[in-house]
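Working notes, beginning with the structure itself.
Computed from a predicted model, the values in this text were never measured in an experiment.
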Amino acid sequence: MAGRFAPRPTRTTVRGGHVPVPAPARPPAGAVGERGRGLARAWVPDGPLDLGLVLGPLRRGPGDPTFRAMPDGSVWRASRTPAGPGTLRVAVYGGEVRGEAWGPGAEWLLERMPELLGASDDPSVFAPRHRVVALARHRRPGLRLTRTGLVLESLIPSVLEQKVTTGEAYRAWRLLVRKYGEPAPGPARGPMPERMYVMPEPRTWALIPSWDWHRAGVDNKRASTILRAVRVAARLEETVGMPPEAAQARLEVVPGIGPWTSAETVQRSHGAADAVTVGDLHLPGIVGWALAGVRDADDAVMLRLLEPYAGQRHRAARLILLSGQVPGRRAPKMRRVDIAEW
């Protein structure tokens, strides 16, 4: 019943990681992976699973060349794994998840598919302490926190989102990945989405000329931060084996990466349930309004309101965003500045 009356997606719920994914009518004919001769795996989660909620935070805008949600109820992701580029297709049929993968990274992606879909997350430990949070959880029973096990693929788009509108950041990610990435591996035949790309490898990011950063709308500060990060890519990827707090500390050693960027990264790469995004322009006001009716809340007020959810503060913030409870706008939108026109 909870899913039948779920609210329609809004700008705020999309920010909370909601990507509409229709339920597939029936499994495809034949064995899993037979159509495209890719590797395959089936997995049964131990509770409700909503692909759009679990994988939604990984999509960087509707035109993200590394992510597609298809009308047949499947979600496709193209990733650069330690074993090489790979493409993963997942779909839920009844209570079973079917995954297919292609490319050198196919085996790596399938091995970690359960963690990607929230197997290492335990939603049962979360106890709602406010009506808004409780209602949002009731309406989104399939919410689990993803863990990709890949740091750079979450870090770079998070750096691109620093201090600009989401539209500008999504455009930059789309242009750079399409120009410097490589076409995603896929089935020789079958319904693979067109124009999917794997993000560039670290060395390729380092070789992007300054004028292409400029044409993508990326200022020198953000570009320099990415260049510093890819030079120590191997050290940053090592943080996957660390606790989220230690991983954030190592990420923040890189100049230009602060608490906002590190939190946005480990939320995805580590499935960090307690990593709160501080320094955000809108989140403190949304949390303050939903939990206390305070529309001008700052980070200190937000953290105080989230104290009852210690250990699960990121999950609580996501549920608040998914509730759609936001204060009315009292100021113009942030002005979009296209530096490529300068």
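- For Asp274 (side chain) and Arg313 (main-chain N/O), a donor-acceptor pair under 3.5 Å exists by modelled atom type.
- Atoms NE2 and CG, on His18 and Leu143 in that order, are 11.0 Å from each other to the nearest 0.5 Å.
- A donor-acceptor contact closer than 3.5 angstrom links the side chains of Thr261 and Gln162.
- Checked against a 6.0 Å centroid threshold, the rings of Tyr197 and Tyr180 do not count as neighbours.
- For the atom pair CE (Met192) and CZ (Arg89), the distance works out to 12.0 Å, reported to the nearest 0.5 Å.
- In this structure, Val266 and Ala275 approach most closely via the heavy-atom pair CG2-CB, 3.8 Å.
- At distances below 3.5 Å, at least one donor-acceptor pair connects side-chain atoms of Arg268 with backbone N or O atoms of Glu264.
- Within 6.0 Å of the CD atom in Glu201, the count of heavy atoms belonging to other residues, nucleotides or ligands exceeds 12.
- Note that the CZ atom of Arg144 and the CG atom of Leu51 stand 11.5 Å from one another [nearest 0.5 Å].
- Across Leu160 and Ala169, no two heavy atoms sit closer than the pair O-CB, 3.4 Å.
- In the model, Ser262 has no side-chain atom that pairs as donor or acceptor with a side-chain atom of Trp260 under 3.5 Å.
- Residue Arg80 is tested with Pro85, Pro200, Pro104 for a side-chain contact (heavy atoms from CB on, under 4.5 Å); the sole match is Pro85.
- Separation of atoms CG (Leu251) and CE (Met242) is listed at 9.0 Å; rounding is to 0.5 Å.
- Exactly one of Thr225, Asp219, Asn220 qualifies for a side chain to side chain donor-acceptor pair (under 3.5 Å) with Arg222. That residue is Asp219.
- Side-chain polar atoms of Thr165 and Glu168 form a donor-acceptor pair below 3.5 angstrom.
- Contact record, Ala229 with Leu155: CB-CD2, 3.9 Å, taken as the closest heavy-atom pair.
- How far CH2 of Trp76 is from CZ of Arg68: 11.5 Å, rounded to the nearest 0.5 Å.
- When all heavy atoms of Val301 and Ala297 are compared, the pair lying nearest together is CG1-CB, 3.6 Å.
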Starting from the C-alpha separation in whole Å, work towards a yes-or-no answer on side chain to side chain contact (heavy atoms under 4.5 Å, CB included) for Met199 and Trp173.
CA-CA 9 Å; Met199 70 170 238; Trp173 172 251; 4.0 Å; yes

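- The distance from atom CG of Leu109 to atom CG of Leu116, rounded to the nearest 0.5 Å, is 8.0 Å.
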